[in-house]
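Working notes for the structure below.
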Amino acid sequence: MSLKRILILLGKELIHSSKNFLFIWVVLAPILISLLVSLVFGTLFSEKPKLGVFDQGTSQIVEMLKKLDSLTVKKYESVAGLKVAVEKGVVDLGMVLPPDFDNQVKTGVKTRVSVYVWGESLAKNRIMVGIIIASRVRELSGLENPVIVESITIGEGEAIPWNDRLFPLVVLMAVFLGGLFLPASSIIGEKVKGTIQAIIVTPTSLIDVLFAKGLMGILVSLLMGIIILFLNQAFGAHPWLLILLLFLGGIMAVIIGMISGTFVKDFTTLFAIWKSCGILLFFPAFMYMFPKIPAWLGWFFPTYYLIQPIVELTQKGGGWLDIRTDVFFLIGIDLLILGLLVFLIKVKKPITG
């Protein structure tokens with residue numbers, strides 16, 4: 001395997017593929033769908049997260065929060081008024097600060113704070129407000145976690161907004177359209193033209209060719225995933241963990257695409273397989289669209305271990321400890337199907353044999 005030859009082949013793949021309708025389709029489709037979802041469900045031009053506060057004392061936290069441009073803060077005169085505002089969706093969250101809150105957190109006393117959550121508020125708004133409050137409390141107290149938060153959902157209960165439900169589907173489309181289709185279609189095109197056989201009689205090996213095609217798919221898949229996260233303002237507090245997940249998901253998509261490309265004879269068959277087997281890839285996304293589907297069913301689908309940690313990070317405020325098991329499963333799946341690809345190429349020789 002030669003790095004120089006791989007980079008040369010990668011450059012050619014990017015140049016030729018970018019002129020292809022399929023390339024334009026896999027790039028534009030997730031973006032257009034994401035923008036459409038945002039427009040339909042009113043999140044593309046949504047306002048800043050709104051926090052309501054009932055302060056039973058005179059906490060500095062309120063003024064610290066009011067100074068932030070990323071948050072709208074409204075003060076209320078009673079718990080009842082705050083709860084009504086949350087229930088009607090006037091604010092996303094309502095926080096009740098106890099008397100002498102500042103002194104308690106400064107002296108390290110564990111302080112209980114009640115937070116009322118509007119059931120239909122956006123997940124990213126809840127996470128953003130939570131992160132902002134935690135950072136300001138740390139700034140005030142100098143301590144890591146002096147507050148115990150009691151979260152109470154009111155209003156429509158756990159009514160998950162449709163843009164949150166559709167988010168996993170859009171992410172999977174972004175990762176798998178480019179990651180799967182580009183390597184698969186490129187391999188099929190080379191086989192139809194007979195150019196792979198011509199290339200591998202030169203010093204360039206079949207491994208060089210496949211590696212370049214796979215690298216192209218991973219780059220496009222990763223870029224599209226990042227764009228979708230950016231459009232949905234979903235990077236949250238762990239952007240590098242999200243990028244790692246997109247990278248691992250891109251590897252999965254590329255390997256599946258290369259297996260498809262090596263054994264499929266033409267584009268018609270490729271699209272037929274995509275339409276018939278797409279449920280195997282996208283079923284976990286349908287689970288989030290319709291929460292009544294039992295969550296354990298997702299365990300049997302490989303993309304569950306990509307989308308579950310992404311949802312955990314972007315919509316539930318989780319961290320590494322919450323997703324590490326799924327990440328290890330995802331790595332294991334990637335290694336397993338990579339081994340399958342190597343075995344099929346060496347034993348079956350579908351391209352050169």
Side-chain angles (χ1 to χ4, degrees), residues 10 13 17 20 22-23 25-27 29-30 168-191 196 206-207 209-225 228 244-287 297-310 326-351:
L10 174 62
E13 287 284 343
S17 296
N20 191 303
L22 184 62
F23 183 90
W25 176 64
V26 301
V27 168
L169 177 63
V170 178
V171 171
L172 280 182
M173 289 186 64
V175 172
F176 273 84
L177 283 181
L180 191 154
F181 267 108
L182 291 181
S185 62
S186 181
I187 292 172
I188 293 172
E190 298 266 18
K191 288 197 300 183
I196 284 188
L206 179 61
I207 296 297
V209 174
L210 295 180
F211 202 96
K213 295 181 185 299
L215 189 56
M216 176 192 65
I218 291 174
L219 290 175
V220 173
S221 175
L222 181 61
L223 176 62
M224 294 310 304
I228 293 303
L244 171 63
L245 288 167
L246 293 175
F247 176 71
L248 294 173
I251 292 175
M252 181 195 296
V254 162
I255 298 173
I256 295 174
M258 294 177 76
I259 291 175
S260 302
T262 54
F263 286 92
V264 171
K265 295 181 179 180
D266 53 53
F267 294 106
T268 302
T269 307
L270 175 65
F271 280 100
I273 293 175
W274 170 262
K275 288 190 290 185
S276 59
C277 300
I279 186 64
L280 297 176
L281 299 176
F282 290 99
F283 179 80
F286 297 138
M287 288 173 44
L297 289 176
W299 301 346
F300 301 99
F301 297 84
T303 50
Y304 172 84
Y305 301 97
L306 166 64
I307 207 62
Q308 167 59 23
I310 289 179
D326 291 324
V327 172
F328 291 140
F329 267 104
L330 181 57
I331 293 172
I333 292 170
D334 284 352
L335 292 175
L336 182 64
I337 59 176
L338 177 60
L340 176 62
L341 174 63
V342 173
F343 170 78
L344 292 174
I345 290 175
K346 284 187 175 181
V347 176
K348 301 295 183 179
K349 299 185 186 236
I351 296 178

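Numbers for residues simply follow the sequence, beginning at 1.
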Please say whether more than 12 non-hydrogen atoms of neighbouring residues, nucleotides or ligands are located less than 6.0 Å from CZ in Phe283.
yes
Got a sec: does the CZ of Phe247 have more than 12 other heavy atoms crowding it under 6.0 Å?
no
Identify the two heavy atoms, one from [X] and one from [Y], that lie closest to each other, and give their separation to 0.1 Å.
X	Y	answer
Met258	Pro183	CG-CB, 3.9 Å
Gly250	Ser221	CA-OG, 3.4 Å
Ala285	Pro168	CB-C, 4.1 Å
Pro30	Ala174	CG-CA, 3.7 Å
Ala184	Gly257	CB-O, 3.2 Å
Leu270	Ser260	CD1-CB, 4.1 Å

Is the side chain of Ser186 donor-acceptor paired with the backbone N or O of Leu182 at a distance under 3.5 Å, no angle test?
no
With side chain to side chain contact (heavy atoms under 4.5 Å, CB included) as the test, would you mind laying out the steps for Leu297 and Tyr304 before giving the verdict?
CA-CA 9 Å; Leu297 289 176; Tyr304 172 84; over 6 Å; no
Return the set of residues passing side-chain contact (heavy atoms from CB on, under 4.5 Å) with [X] (not counting sequence neighbours), or none when no residue passes.
X	result
Ala29	Trp25, Leu177
Thr303	Leu172, Phe176, Met252, Leu281, Pro284
Leu280	Cys277, Phe301
Ile255	Ile251, Ile259, Ile337, Leu338, Leu341

Does Phe328 have any ring pair (Phe, Tyr, Trp, His ring centres under 6.0 Å) partners at least two apart in sequence or in another chain, and if so, which?
Trp320
Considering residues at least two apart in sequence or located in another chain, which fulfil the ring pair (Phe, Tyr, Trp, His ring centres under 6.0 Å) criterion with Phe271?
Phe181
Intermediate values then yes/no, side chain to side chain contact (heavy atoms under 4.5 Å, CB included), Leu215 and Val254:
CA-CA 8 Å; Leu215 189 56; Val254 162; over 6 Å; no
With Tyr305, the side-chain contact (heavy atoms from CB on, under 4.5 Å) member among Asp334, Leu245, Ile331, Ile333:
Ile333
Supply the atom-to-atom distance Leu246 CG to Ile218 CD1, rounded to the nearest 0.5 angstrom.
12.5 Å
Drop me the distance from Phe286's CZ to Ile279's CD1, to the nearest 0.5 angstrom.
5.0 Å
Residues Leu344, Thr262; criterion side chain to side chain contact (heavy atoms under 4.5 Å, CB included); working and verdict
CA-CA 9 Å; Leu344 292 174; Thr262 54; 5.9 Å; no
